[in-house]
Amino acid sequence: MEEHPELLPLLTVAGGPMRGASFRLRVEPQVIGRAPSGHVVINDPHLSRRHAEVWLAPEGASLRDLGSTNGTWLNDRRITEVERLSDGDVIRIGRTELRLFDPGVAHTDPVGLSFGPSRRDIRPTLPLPLATPPTARR
């Protein structure tokens with residue numbers, strides 16, 4: 001996967017103050033929280049400074065709460081241990097909702113993701129001919 005970073009799982013902020021922001025998971029644990037020293041800094045006052053951490057293990061993506069005050073929720077269930085993540089999982093921390101997209105196992109492709117050289121055998125779309133207006137009667 002090192003040669004194709006676009007195949008690494010992606011966490012996207014689906015709801016909350018930083019909606020639309022996203023980051024790729026890595027093998028090294030990434031701390032999520034509001035502390036500027038964290039790997040993934042989310043500006044949500046309901047997050048702990050070091051709220052949770054995610055990482056990519058050989059068996060897949062994993063998530064752990066770091067003793068946060070408001071807890072870490074995976075698919076509407078508060079977690080207390082290390083949890084394995086799956087494509088489409090929703091993580092809620094504070095007022096922020098993160099959604100996991102794992103292109104290695106996803107059932108659909110995200111828009112704009114392509115691999116390899118572009119294909120040249122596809123014909124361009126041609127415009128349809130316009131109808132000519134009927135001639136005016138005299």
Side-chain angles (χ1 to χ4, degrees):
M1 282 208 211
E2 294 295 322
E3 64 274 4
H4 292 290
E6 64 273 10
L7 289 177
L8 293 173
L10 179 74
L11 271 179
T12 301
V13 179
M18 295 181 61
R19 187 172 186 202
S22 62
F23 62 95
R24 296 270 177 200
L25 271 60
R26 299 186 305 236
V27 174
E28 310 84 35
Q30 295 169 279
V31 174
I32 304 170
R34 34 180 196 92
S37 60
H39 299 97
V40 179
V41 180
I42 298 180
N43 297 320
D44 180 341
H46 300 278
L47 259 63
S48 296
R49 287 178 193 82
R50 294 176 42 87
H51 198 99
E53 67 181 353
V54 293
W55 66 94
L56 190 56
E59 59 276 356
S62 297
L63 170 71
R64 172 180 28 228
D65 182 74
L66 295 176
S68 65
T69 303
N70 294 325
T72 299
W73 300 75
L74 176 61
N75 300 324
D76 293 326
R77 181 179 53 82
R78 189 172 185 161
I79 66 168
T80 56
E81 299 177 0
V82 173
E83 295 282 338
R84 291 264 325 272
L85 299 176
S86 300
D87 182 56
D89 277 349
V90 176
I91 301 165
R92 188 169 44 86
I93 51 177
R95 299 268 167 92
T96 299
E97 185 176 283
L98 303 161
R99 190 172 304 266
L100 180 76
F101 172 70
D102 189 347
V105 297
H107 297 289
T108 60
D109 293 330
V111 175
L113 186 63
S114 60
F115 302 100
S118 60
R119 292 181 50 188
R120 300 280 182 191
D121 61 342
I122 300 174
R123 293 183 291 171
T125 303
L126 299 175
L128 294 172
L130 297 174
T132 53
T135 56
R137 295 188 181 185
R138 293 184 205 183

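Scope of the values below: all heavy atoms of this structure, side chains included, with no hydrogens, waters or symmetry mates.
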Are [Y] and [X] co-members of a hydrophobic cluster defined by side-chain heavy atoms under 4.5 Å apart?
{"X": "Leu63", "Y": "Leu66", "value": "no"}
{"X": "Leu47", "Y": "Phe23", "value": "yes"}
{"X": "Ile93", "Y": "Trp55", "value": "no"}

Between Leu25 and Leu8, is any pair of side-chain heavy atoms under 4.5 Å apart? no
Distance-only donor-acceptor hits, side chain of residues 78-85, under 3.5 Å, sequence neighbours excluded:
| unit_1 | atom_1 | unit_2 | atom_2 | d |
| --- | --- | --- | --- | --- |
| Glu83 | OE1 | Arg77 | NH2 | 3.1 |
| Glu83 | OE2 | Arg77 | NH1 | 3.3 |
| Arg84 | NE | Glu59 | O | 3.3 |
| Arg84 | NH2 | Glu59 | O | 2.2 |

By side chain to side chain contact (heavy atoms under 4.5 Å, CB included) - contacts of Ser22 (at least two apart): Leu10, Thr12
Can you sort out the partners of Ser48 under side chain to side chain contact (heavy atoms under 4.5 Å, CB included), two or more places apart, ordered by chain and number? His51, Ser68, Thr69
Tell me, which pairs form a salt bridge (charged side-chain N to carboxylate O under 4.0 Å, His left out) where one or both residues lie in residues 9-19, sequence neighbours left out? none
Cluster companions of Val41 among Ile, Leu, Val, Met, Phe, Trp, Tyr (side-chain spacing under 4.5 Å): none
For Trp73, what are the other residues in its hydrophobic cluster, where any two members join if their side-chain heavy atoms are less than 4.5 angstrom apart?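 When side chains under 4.5 Å apart are linked, Trp73 ends up in no cluster with other residues.
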Would you give the length of the straight line joining atom [atom1] of [X] to atom [atom2] of [Y], rounded to the nearest 0.5 angstrom?
{"X": "Ile32", "Y": "Arg50", "atom1": "CD1", "atom2": "CZ", "value": "11.5 Å"}
{"X": "Leu100", "Y": "Leu74", "atom1": "CG", "atom2": "CG", "value": "9.5 Å"}
{"X": "Ile91", "Y": "Leu98", "atom1": "CD1", "atom2": "CG", "value": "5.5 Å"}

So which atom in Pro103 and which in Pro9 form the shortest heavy-atom distance, rounded to 0.1 Å? CD-CA, 4.1 Å
In chain order, what residues pass the salt bridge (Lys or Arg N to Asp or Glu O under 4.0 Å) check against Arg99, with sequence neighbours excluded? Glu97
Under the salt bridge (Lys or Arg N to Asp or Glu O under 4.0 Å) test, residues paired with Arg64 that sit two or more places apart: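 Glu53.
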Strictly by side chain to side chain donor-acceptor pair (under 3.5 Å), give each pair with a member in residues 28-37 just once, sequence neighbours left out.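 Every pair satisfying side chain to side chain donor-acceptor pair (under 3.5 Å) with a residue in residues 28-37: Arg26-Glu28.
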Give a yes or no answer on whether the side chain of Asp44 reaches the backbone of Thr96 with a donor-acceptor pair at less than 3.5 Å.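 Yes, because the side chain of Asp44 sits within donor-acceptor range (under 3.5 Å) of the backbone of Thr96.
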Partners meeting side chain to side chain donor-acceptor pair (under 3.5 Å) with His46 (sequence neighbours left out):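 Only Arg95 meet the side chain to side chain donor-acceptor pair (under 3.5 Å) criterion with His46.
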According to side chain to side chain donor-acceptor pair (under 3.5 Å), who are the partners of Asp89, at least two apart in sequence or on a separate chain?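 Here the qualifying residues are Asn75.
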